[in-house]
Amino acid sequence: MRDNNMMPKGNETDDGEVGLNTTSFEQVQQQQKKLVIGYALTSKKKMSFLQPKLEVLARKKGISFVSIDQDKPLSEQGPFDVVLHKLLGNEWHDVIEDYQQKHPEVTVLDPPCAIQRIYNRQSMLQGIADINLADCDGMICVPKQMVVLKNTTSSTNEVAEAGLNFPLVAKPLLVDGTAKSHQLFLAYDRLSLAELEPPLVLQEFVNHGGVLFKVFVVGDVIKVVRRFSLPNVSNCEKEKVAGVFQFPRVSSSAASVDKTDLDPRVAG
Ligand SMILES: Nc1ncnc2c1ncn2[C@@H]1O[C@H](COP(=O)(O)OP(=O)(O)OP(=O)(O)O)[C@@H](O)[C@H]1O
Ligand SMILES: O=P(O)(O)O[C@H]1[C@H](O)[C@H](O)[C@H](OP(=O)(O)O)[C@@H](OP(=O)(O)O)[C@@H]1O
């Protein structure tokens, strides 16, 4: 016996069964299914990510965002369909991993073990360096780079031995979401490296015409955006300029006026 209260409104058939409209009950239920995303973000990240326009769009699609109280047990909150988090620290990672064990039905974005490598600018590029696109049109490569863990004369000698060509982009080795982890410098000569604070990644500057393409990949969805970037460094500049110079976040979404989203085929 069907509980007609459960059934969406349809045409009464001869045998008293409620006939479904073109949309099946499951489809209607799916369409009405709400998706609850629990999020644990820093206040800075919440401001930059969870903007009103995103919440409005999400609500239209039946998606709601619920803030996770980090002072309460995660399992006592929810229930969630997805847990979205970007917090650091082993304590939080333990909380998330324990939650994953107890709630395999919840999608955790992302499991700590899956994102560990992107907290380090050397390991984050290793995956790229390992990609072998020999049979494709273009090629993907990583700028020549080295890690400097301590600031001594030997490290400046190591730069010479590594055969890195100046100018070099100096980047904090660890990417922990703080503003400091995005403080980048351009170093034009070996002696000025002593002014920098390790641990660092030193990367050869690659001329790229002042335009950067940022590719966002989520599952099968690819989105490419064009951003401002650092201008080319001329040979004359390389000869004349000395020292270390910090530069702003030239390619961030806030800095790039040209927000034209590019079709991946165009920017490929
Ligand atoms: N090897 C390089 N050669 C030339 N320019 C570079 C190089 N590395 C970085 N840049 C410039 O510095 C900008 C920031 O670099 P990168 O993306 O590595 O830092 P980031 O702090 O991780 O940036 P974000 O988090 O905003 O993506 C790039 O957009 C580019 O303009
Ligand atoms: O190109 P955008 O501006 O989206 O660059 C992002 C960047 O890819 C990282 O997501 C940064 O997050 P953290 O690494 O956690 O700092 C973003 O920084 P934020 O200060 O806006 O959170 C960049 O915007």
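Each ligand, and each atom within it, is numbered from 1 in the order the structure gives. No experiment lies behind these values; they were computed from the predicted model shown.
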Response to the item:
Residue shell for ligand 1, any heavy atom closer than 4.0 Å, reads Arg121, Pro143, Val169, Lys171, His182, Leu184, Gln203, Glu204, Phe205, Val206, His208, Leu212, Lys214, Ser229, Leu230, Phe247, Arg249, Val250, Ser251
Discussion item. If we count only N and O atoms by modelled type, under 3.5 Å, do the side chains of Lys72 and Gln77 hold a donor and an acceptor together?
Written reply: no
Practice prompt. Could you check if a side-chain atom of Val159 sits within less than 4.5 angstrom of a side-chain atom of Leu193, using non-hydrogen atoms only?
Written response: yes
Worksheet item: List by chain and number: which residues place a heavy atom under 4.0 Å from ligand 2?
Response: Lys44, Lys45, Ser48, Lys86, Gly177, His182, Lys214, Arg227, Arg249, Ser252, Ser253
Worksheet entry | Mutual orientation of the aromatic rings belonging to Trp92 and His85 [parallel < 30°, tilted 30-60°, perpendicular > 60°] | tilted
Worksheet item: Would a 4.5 Å heavy-atom cut-off, applied to side chains only, mark Gln246 and Leu184 as touching?
Response: no
Item to complete: Output, in order, the C-alpha distance, side-chain angles, deciding distance and verdict of ring pair (Phe, Tyr, Trp, His ring centres under 6.0 Å) for Phe166 and Phe205.
Response: CA-CA 7 Å; Phe166 286 89; Phe205 185 92; over 10 Å; no
Discussion item. Are the side chains of Arg190 and Asn157 in contact, using a 4.5 Å heavy-atom criterion?
Written reply: yes
Discussion item. What I want to check is whether the side chains of Asp130 and Gln126 have a donor and an acceptor closer together than 3.5 Å.
Written reply: yes
Worksheet, complete the sentence: The side-chain hydrogen bond (donor to acceptor under 3.5 Å, both in side chains) partner of Tyr188 among Glu237, Lys238, Glu239 is Glu237
Worksheet item: Can we say Glu197 and Lys180 salt-bridge, meaning some charged N sits less than 4.0 Å from an Asp/Glu carboxylate O?
Response: yes
